[in-house]
Amino acid sequence: MSLRVVVVHPDLLGTYGDGGNGVVLVQRARWRGIAAELLEATSDGPLPVGDLYCLGGGEDAAQAASAERLRADAVLARAAERGSPVLAVCAGYQILGRTFPAADGRPLAGVGLLDVSTAKGTGRRAVGEILAEPLCTDLPVLTGFENHGGLTARGPNVDPLARVESGVGNGDGTDGAVSGRVVGTYLHGPVLARNPALADLLLSWATGLSLEPLDDGEEAALRDERIAAVRARHAGRWLSCLGRTARTARYVSGRS
Amino acid sequence: MVATRVVNALSRRLAAGSGTVAGGHVGLAVDPRLLEHLAAGRRVALVSGTNGKTTTTRLLAVALEGSLGRIATNATGSNMPTGHVTALAGAPPGAPAVLEVDEGYLPGLVGALVPEVVVLLNLSRDQLDRTNEVRMLSNRWRRAFSGSPATAVVANADDPLVVWAALPAAKPTWVAAGLSWRRDAIGCPACAGRVEFSSAEKGGWACACGFARPRPDVVLDADEIVLADGRRHRLTLALPGRFNRANAVMAAAAAATMGVGWEESLRQIAAVGEVAGRFSVVEVGGCSARVMLAKNPAGWRELLDLVAPGERPVVVGINARVADGRDPSWLWDVPFERLCGRQVVATGERCRDLSVRLRYAEVAHRTVRDEVAAVRAAWMAHGGGTPGAADVDFIGNYTAFTDVMSRATERTRA
Ligand SMILES: [Zn+2]
C-alpha cells in the first residue's frame with residue numbers, strides 16, 4: 001500500500017510552483033523506502049481519496065472555481081476529519097477558511113476546515129521574502145516567498161503557524177493557521193522545498209512513523225542563503241536608519 | 001509638418017548620441033506623441049507575446065528586408081516605448097518598422113500607431129512576483145483590436161488566450177503554430193469554464209460554451225507549412241528547435257499579409273543563425289558554449305526538449321533580479337527531470353534554489369555560483385572538447401544569460 005499524495009486542482013491552484021510541495025513529499029518518502037505516489041487531481045474529475053493533500057496558490061477566478069468544487073464534493077473535508085494531513089498555501093489557504101474575497105472584494109464561502117477569514121487588504125500587495133518563527137511546533141525558522149493581497153483574521157479555533165520576523169503573512173504579525181493536521185500558510189518557494197522539516201512533520205503525521213533524517217545539504221545551503229539575505233537586508237535598513245540619525249544629530253549639534 | 005521635422009531631427013540626434021534608449025527617454029519627455037510622429041508615413045508591424053518576441057521580430061524584419069529595403073527595428077529586445085522611439089529615430093523616414101512590443105504596452109501602441117499588422121505569438125505565466133494575470137492581458141489586447149479595424153492580426157490559433165484576443169480583429173490570419181505549455185490556457189476566457197484540449201496531436205481545443213479553435217489558415221506541420229489552399233512550403237532553418245519553427249511560420253505569415261511571398265521570406269529567414277546572441281557559440285572561460293535564453297516554464301520546456309538528446313554538459317543559470325522576477329518558485333514547473341543522466345552544473349545567483357530543484361528531480365549536478373567558472377567546470381569535467389564546436393550548452397534566464405554574454409570574449413561561428 002503506497003502513500004498517496006494528492007495535489008489538489010493543479011490546473012486552478014498551480015500558478016506559483018506550489019505543485020513542488022507534492023514532489024518534495026513523495027521523494028522524501030521514497031528516499032526512506034516508503035512507497036509513495038503523486039496524484040495530480042485536476043478540477044475536471046472527482047477528488048481522489050488520499051493520505052495527504054496539498055493546495056497551492058492561484059488567480060482569483062480559479063481560486064473561486066476550486067473552492068466551489070471542494071465544497072460540493074466534500075472529499076477534502078472528510079479526509080481532514082479522518083486525520084489526513086492537509087497543507088494549503090496562499091489562495092489554497094484562503095479557501096480552506098470560512099470566507100475569502102472574490103476579485104471584486106465580495107466575500108465567498110470557503111471550505112471551512114480552518115477557523116480563519118480573509119478580506120482584501122487596503123494597502124499594497126504583500127510581495128517578497130518572508131521569514132517566520134514557528135509557534136506551535138518545534139520546527140526551525142520558516143523561509144519562503146509571499147505574494148498576496150488578502151489579510152487573514154484568525155478565529156478562536158486555530159493557532160497561528162508562525163510569528164513573522166520579516167514580511168507580512170496574515171497581516172497581524174503572524175503567518176498561517178494550524179488546526180489538528182490542517183496547516184495553512186502564505187509561504188511559496190515551494191514551502192516544503194525550503195523547509196524540509198515541515199515536509200517531514202506532514203509525512204510523519206500521514207504515516208505514523210518516526211522518520212530517520214535525510215542528508216539535506218542542498219536544502220540547508222538554500223535555507224542559510226535565504227535567511228541570511230533577509231536578515232542582512234534588515235540589518236542594512238537599521239544601519240542606514242542609524243546613519244541618518246547620526247548625521248541628523250551631527251547637523252543639529254553643529255560642527256563636531 | 002515643420003513640428004514633425006523638428007521632432008524627427010531632435011530625436012534622431014538624441015538617439016544617435018547614445019545608441020541606447022536614453023535618447024528615447026528624452027524624446028518622449030519632450031513630446032509624448034513622439035512615437036506617433038516618428039511612425040507617420042511608415043508601414044508598421046508589431047510583434048508581441050510571452051515567448052519568442054525578439055526572434056520573431058528579427059525574422060520578420062529579415063523577411064521584409066529583401067523586398068522593402070531598410071527596416072526600422074528594435075533588434076536588442078528593448079520592447080517598451082523608449083526603445084521604439086530609438087528604433088524609429090535611428091532609421092530613415094519612411095522605412096517600414098518591425099517592432100517587438102512588451103505585452104502590457106501592446107494595447108496602447110495599437111491605438112497610437114494603427115499598425116498594418118500585429119503578430120500575437122502566445123500568452124503564459126512570466127515573472128510570478130508581478131500580478132499580470134494572463135487572462136487580464138488577453139482581454140486588454142481584445143479591446144485594442146475591437147477598436148482597430150484597419151489592423152490585420154496574425155494569431156497563433158493553438159493558444160486560446162491569443163485567439164480570444166484576436167477574434168474581434170477585422171482580418172485575422174489563424175496560424176496553427178503549436179503550443180506545448182497549456183497550463184495557463186485551461187481557464188476559458190469567454191465563460192470561466194474549462195478549455196479541453198483534444199488528445200490528437202493536431203492541437204484542437206474547445207470549451208463547452210462554444211469558444212473553440214478557429215479553422216487555421218496556415219498550419220505548421222513538422223518541417224512543412226501548409227496553406228489553406230493546399231500549397232506547401234518546406235521550412236529549413238539555421239535556428240534550432242520546434243519553437244523557432246513556430247516563430248518562423250508566424251513571421252512568414254505576417255510578411256505574406258504585407259505582400260512578401262512565402263518563398264521569398266522563407267529563403268531570407270533560413271539564413272538567420274542567431275538572434276541577439278541566442279543560440280550563438282561564444283568563448284567563455286577558455287571553452288566554447290552554445291548560449292540559450294529561457295525566461296519562464298513555457299520557454300524552459302522547449303529548450304530542455306532541444307538539449308535533452310545531446311551529449312554536451314549542460315550549465316543552467318538562474319538569477320532572480322527585477323528583470324527576471326524576484327520569485328524563482330517557477331523552477332518547480334520546469335521538467336528538469338529530462339536532464340537525468342547528463343553532466344549538469346547549477347549556476348547563477350539563485351543556484352541554491354536550482355540545486356534543490358535538481359535534487360528532487362534526481363539530476364546529479366554540481367553547484368558553482370559564478371557563471372563563467374561553472375561553464376569551465378562543466379567543460380573540465382567532460383574532459384575538454386573538439387575545437388570549433390560548442391563544448392557546453394548554457395541555458396540561463398534573462399540576467400544570467402546577459403551576464404554570460406557580457407563576459408564572453410571572442411565569438412566563434414554559430
Ligand atoms: Zn467557455
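Model, not experiment: these values are computed from the prediction. Each chain gets a letter, A, B and so on, in the order its sequence line appears, and its residues count up from 1.
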Segment of [X] engaging chain B (4.5 angstrom heavy-atom cut-off):
X: A/Asn21; answer: neither
X: A/Ala65; answer: neither
X: A/Arg223; answer: neither
X: A/Ala62; answer: neither
X: A/Glu219; answer: both

Worksheet item: Which residues, numbered in order, of residues 336-344 of chain B come under 4.5 angstrom of chain A by heavy-atom distance?
Response: none
Worksheet entry | Heavy-atom pair count under 4.5 Å with chain A, highest-scoring of B/Asp353, B/Asp333, B/Asp327, B/Val334 | B/Asp327
Worksheet item: Name the one of A/Asn170, A/Thr185, A/Asp175, A/Thr118 that satisfies side chain to side chain donor-acceptor pair (under 3.5 Å) with A/Tyr93?
Response: A/Asn170
Backbone N or O of [Y] within a donor-acceptor pair of the [X] side chain at under 3.5 Å?
X: A/Asn195; Y: A/Val191; value: yes
X: A/Thr207; Y: A/Leu203; value: yes
X: B/Trp141; Y: B/Glu103; value: yes
X: A/Glu146; Y: A/Val168; value: yes
X: B/Asn319; Y: B/Arg321; value: no

Fill in: Other residues, nucleotides, ligands: >12 heavy atoms within 6.0 Å of A/Glu37 CD
yes
Worksheet item: Is it the case that more than 12 heavy atoms not belonging to A/Asp104 sit under 6.0 Å from its CG atom?
Response: yes
Under 4.5 Å, counting heavy-atom pairs only, tell me which of [options] racks up the most with chain B.
options: A/Asp224, A/Leu12, A/Asp11, A/Val24; result: A/Val24
options: A/Ala61, A/Pro190, A/Ala221; result: A/Pro190
options: A/Glu129, A/Gln27, A/Glu218; result: A/Glu218

Worksheet item: With a 4.5 Å limit on heavy-atom distance, are the side chains of A/Leu192 and A/Val23 in contact?
Response: no
Item to complete: Under 4.5 Å heavy-atom distance to chain A, tell me which part of B/Arg359 shows up: side chain, backbone, both or neither.
Response: both
Discussion item. I'd like to know if B/Asp324 pairs up with B/Lys295 as an ion pair, taking the criterion as any Lys NZ or Arg NE/NH1/NH2 lying under 4.0 Å from an Asp or Glu carboxylate oxygen.
Written reply: no
Worksheet item: Cation-pi between B/Arg125 and B/Trp330: NZ/CZ under 6.0 Å from ring centre and within 45° of the ring axis?
Response: no
